[in-house]
Amino acid sequence: MSASAFLPAAVNFRPLMFKLNVSSKFVRHCRRHQRFSTSRSLNADSYEVVVVGGGAGGASLSNIFARKSKSVAVIEPNPEHYYQPLWTLVGAGIMNFGKSARPMAAVLPKRATWVKDKVAEFNPKDNTVTTEGGKQIKYEYLIVGPGIQLNYNQIKGLPEAFETPGVGSNYSKLYVGKTTEALQRFNGGDALFTFPNTPIKCAGAPQKIMYLADALWTKNGVRSKSQLHYNTSLGVIFGVKKYADVLTEITRQRNLNVNFKRNLIEVKPDTQEAVFEILDSSETPKETVTAHYDFLHVVPPMSAPDCVRNNKDIVDAAGWLDVDKDTLQHKKFANIFGIGDCTNLPTSKTAAAVACQIGIVKRNLLQVMAGDKPTSVYNGYTSCPIVTGNQKCIFAEFDYNAQPMETFPFNQAKERRSMYIMKKDIIPYVYFHVMLKGYWEGPGIIRKMFRLGMA
Ligand code: FAD
Ligand code: UQ1
């Protein structure tokens with residue numbers, strides 16, 4: 001506790017000064033700093049808008065609010081920003097990792113303060129966040145966008161398995177290169193692809209890599225001596241019937257074996273075995289099944305980042321940031337908005353969803369800053385371009401009700417080369433050059449153009 005914390009403004013300090021033998025200069029210093037009246041906030045930096053995370057949502061919104069507010073700080077620990085949707089193609093060996101990365105400094109606004117630190121704690125009752133480095137940062141308005149946490153360590157034996165050949169994961173910058181390596185060196189046998197028993201980002205990515213592996217191994221001649229298994233915790237191949245029907249047919253035609261309600265709980269690298277819990281088993285503990293692998297692609301269990309889920313004031317019962325599904329405003333703290341993967345928005349977690357959420361947060365936060373109620377409503381738009389093979393893509397787009405919400409005037413459930421180019425070249429361009437600068441709010445405007453004059 002600092003001395004200034006004991007000095008209320010109206011007190012005559014002179015007698016006290018003599019007793020304590022302190023100088024008038026020291027008292028003036030204490031008075032000047034009285035607004036920081038406790039040691040907790042003694043070092044507080046203060047901004048009108050603070051953005052947590054410089055990812056898809058955080059970088060885009062900080063660029064918008066750097067133009068629209070008095071002062072903005074972005075708290076982001078990483079020196080690089082990643083466009084993760086390209087990691088499916090990186091894992092498959094179609095694209096270089098470097099194409100997905102940009103220096104963080106190049107995507108964050110020049111007119112904002114970049115705090116190169118990690119948020120450790122939210123203190124919404126004080127309007128501050130605490131960083132791992134021990135800084136207190138004060139805000140008038142807070143945008144929370146630290147993404148989703150990958151919990152690889154929850155799978156027994158997995159950290160060790162990543163040290164062995166044949167095991168990869170497109171979800172992490174650390175392991176995506178291992179997928180590429182493992183796909184190249186695979187010489188037939190059992191290939192396993194997993195989907196965990198938690199919400200994840202891009203729910204299509206766990207199966208996209210299977211289709212790309214199938215295409216690669218068909219091309220290099222090892223497909224005929226291999227069996228591909230997709231072991232998913234879910235009970236369906238995809239959450240939207242229109243696309244699920246087509247994907248089911250593709251897996252049948254290409255002899256890709258799909259096992260539902262299988263959750264990876266352990267990897268044994270010594271024997272190259274993966275243990276799956278059978279989720280619909282009626283026994284306690286649940287029955288398990290062990291499968292041999294020569295290639296293993298793991299999608300880890302995920303959760304909101306620890307700094308979010310550890311604060312019971314800001315999360316729902318499942319530990320996700322508790323925001324209003326229409327306005328994206330926090331349900332308890334009106335000066336907090338959430339964006340992207342860390343939230344409990346009941347839609348599929350994607351960068352495409354983030355694109356639409358950006359416009360909603362922008363308009364609603366500006367209204368709140370002006371003293372009004374937020375009125376913009378998010379419809380849950382999300383999209384998952386499912387690469388289904390060599391230069392082929394099903395372009396799934398849907399809303400909160402899992403109803404297709406397609407942009408283009410043709411059936412997007414059909415495999416198309418044009419949609420593959422859209423995923424591989426056009427959308428990354430839009431992401432880096434338009435969305436991150438704060439000028440892209442999703443394809444709603446294109447959809448409307450195509451629908452002009454139609455019912
Ligand atoms: P991110 O973009 O993940 O950003 C979070 C940021 O917060 C990061 O920069 C991180 O460093 C920072 N951060 C983390 N913790 C803290 C902390 N404590 N304090 C401060 N900062 C912190 N989406 C699609 O739309 N289409 C696709 O085809 C697609 N494919 C995908 C394929 C793969 C393999 C993966 C991994 C993802 C894919 N996605 C896809 C999902 C998409 O990348 C995410 O949904 C999107 O990036 C979410 O944006 P975000 O801003 O919530 O989080
Ligand atoms: C999109 O707008 C977007 O944001 C840039 C993505 O981010 C990665 C997407 O994946 C998709 C699919 C969209 C939707 C875009 C169009 C043109 C339909």
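Hydrogens, waters and symmetry mates play no part in the numbers below; they use all other heavy atoms, side chains included. All figures in this text were calculated on a predicted structure; none of them were measured in a lab. First listed ligand is number 1; within each ligand, the first listed atom is number 1.
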Would you mind listing which atoms of ligand 1 come within a distance below 4.0 Å of any non-hydrogen atom of N170? 34 (C)
For ligand 1, indicate whether the residue T350 contacts it via side chain, backbone, both or neither (heavy-atom separation under 4.0 Å). both
shortest atom 36 (C) of ligand 1-to-protein heavy-atom contact is with Y171 CD2, 3.5 Å
Counting from 1, what ligand 2 atoms have a heavy atom of A355 closer than 4.0 Å? 4 (O)
Short side-chain donor-acceptor distance under 3.5 Å, S169 and Y152: yes
Show which atoms of ligand 2 fall inside a sub-4.0 Å distance from at least one heavy-atom site of Y83. 8 (C)
Minimum non-hydrogen distance to atom 4 (O) of ligand 1, winning option of G54, S169, G55, A396: G55
Considering heavy atoms of the protein only, find what lies nearest to atom 52 (O) of ligand 1 and give residue, atom and distance to 0.1 Å. D341 N, 3.0 Å
So which of G204, G338, A205, C202 gets nearest to atom 38 (C) of ligand 1, if we judge by its closest heavy atom? C202
Residue pair D190 / S226, side-chain donor-acceptor N/O under 3.5 Å: no
Check for me whether P305 has a heavy atom closer than 4.0 Å to any atom of ligand 1. no
Measure from NZ or CZ of R102 to the centre of the six-membered ring of F432 and say whether it is under 6.0 Å with the direction within 45° of the ring axis. yes
So if I apply the side-chain contact (heavy atoms from CB on, under 4.5 Å) rule between N364 and each of V361, L366, I360, which one comes out positive? I360
Distance only, no hydrogens: is a donor on one side chain within 3.5 Å (strictly under) of an acceptor on the other, for S71 and E48? no
Starting from atom 13 (C) of ligand 2, which protein heavy atom do you reach first, and at what distance in Å? A352 CB, 3.8 Å
Does any donor atom in the side chain of E397 or T382 lie under 3.5 Å from an acceptor atom in the other side chain? no
Nearest-contact summary for atom 40 (C) of ligand 1 - protein heavy atom, Å: P85 CG, 3.4 Å
Only heavy atoms count here, so choose which of V119, L86, T382 is nearest to atom 19 (N) of ligand 1. V119
Can you confirm, on distance only, whether ligand 1 has an N/O atom lying under 3.5 Å from any N/O atom belonging to Q84? yes
At less than 4.0 angstrom from any non-hydrogen atom of K118, what atoms of ligand 1 do you find? 17 (C), 18 (N), 19 (N)
With a heavy-atom distance limit of 4.0 Å, tell me whether K349 approaches ligand 1 through its side chain, its backbone, both, or neither. backbone
Got a salt bridge between R309 and D306, using NZ or NE/NH1/NH2 to carboxylate O under 4.0 Å? yes
Assess, by modelled atom type and distance only, whether the side chains of N78 and K116 contain a donor and an acceptor separated by less than 3.5 Å. no
Is it the case that more than 12 heavy atoms not belonging to R67 sit under 6.0 Å from its CZ atom? yes
Atoms in ligand 2 with a heavy atom of E397 nearer than 4.0 Å: 18 (C)
In ligand 2, the atoms that come under 4.0 Å of a heavy atom of Y381 are 14 (C)
Please tell me whether Q84 and K201 have a donor and an acceptor in their side chains that are separated by less than 3.5 angstrom. yes
Y230 ring center near F193 ring center (under 6.0 Å): no
With a cut-off of 4.0 Å, which atoms of ligand 2 are near a heavy atom of F395? 12 (C), 18 (C)
Under a plain distance cut-off of 3.5 Å, with no hydrogens placed, do T218 and R223 share a side-chain donor-acceptor pair? no
Ignoring hydrogens, just give me the one of G340, P146, G58 whose non-hydrogen atom is nearest atom 5 (C) of ligand 1. P146
Within 4.0 Å of some non-hydrogen atom of S383, the atoms of ligand 2 are 12 (C)
When you measure from atom 16 (C) of ligand 2 to every protein heavy atom, which one gives the shortest distance, and what is it? P443 CB, 3.6 Å
Mind checking whether K423 has an N or O less than 3.5 Å away from an N or O of ligand 1? yes
Quick note on ligand 1: atoms under 4.0 Å from a heavy atom of K208 include exactly 27 (C), 28 (O), 30 (N)
What is the nearest protein non-hydrogen atom to atom 2 (O) of ligand 2, stated with its residue, atom name and distance? W440 NE1, 2.8 Å
Tell me whether N96 at atom CG has more than 12 heavy atoms from other residues, nucleotides or ligands lying less than 6.0 Å away. no
State the atoms of ligand 2, each with its element, that fall below the 4.0 Å cut-off from a heavy-atom position in A351. 7 (O), 8 (C)
Under 4.0 Å from a heavy atom of P77: which atoms of ligand 1 are those, numbered in the order shown and with their elements? 20 (C), 21 (N), 22 (C)
For atom 12 (C) of ligand 1, the option (of E76, K173, E121) bearing the nearest heavy atom: E76
Going by atom types only, do N263 and E277 share a side-chain donor-acceptor pair under 3.5 Å? yes
Taking atom 49 (O) of ligand 1 as the point of reference, which of A203, S383, A353, A56 owns the nearest heavy atom? A56
Could you list the atoms of ligand 1 found under 4.0 angstrom from a heavy atom of N78? 11 (O)
With a cut-off of 4.0 Å, which atoms of ligand 1 are near a heavy atom of G147? 5 (C), 52 (O), 53 (O)
Hey, are E80 and Y82 close enough side-chain-wise for a donor-acceptor pair under 3.5 Å? yes
Quick test: of every protein heavy atom, which one is nearest to atom 42 (C) of ligand 1, and how far off is it to 0.1 Å? A351 N, 3.6 Å
Taking atom NZ of K332 as the centre, does the number of heavy atoms from other residues, nucleotides or ligands within less than 6.0 Å exceed 12? yes
Ring centres of Y47 and Y141 under 6.0 Å apart? no
Cut-off 3.5 Å, side chains only: do T194 and N231 have a donor facing an acceptor? no
So which protein heavy atom does atom 20 (C) of ligand 1 come closest to, and at what separation? I75 O, 3.3 Å
Among I75, L108, I339, I143, exactly one meets side-chain contact (heavy atoms from CB on, under 4.5 Å) together with V51. Which residue is that? I143
How about S100 and W87: does a side-chain donor come under 3.5 Å of a side-chain acceptor? yes
Which ligand 1 atoms does G57 reach within 4.0 Å, using its non-hydrogen atoms? 51 (O)
With a cut-off of 4.0 Å, which atoms of ligand 1 are near a heavy atom of P385? 26 (N), 28 (O)
Using a heavy-atom cut-off of under 4.0 Å, does the side chain or the backbone of H81 touch ligand 1, or both, or neither? neither
Which is it for C307 and ligand 1 at heavy atoms under 4.0 Å: side chain, backbone, both or neither? side chain
Does any N or O atom in T88 lie less than 3.5 angstrom from one in ligand 1, N or O only? no
Do the two ring centres, one from W217 and one from F295, sit under 6.0 Å apart? yes
In ligand 2, which numbered atoms sit nearer than 4.0 Å to a non-hydrogen atom of M435? 4 (O), 5 (C)
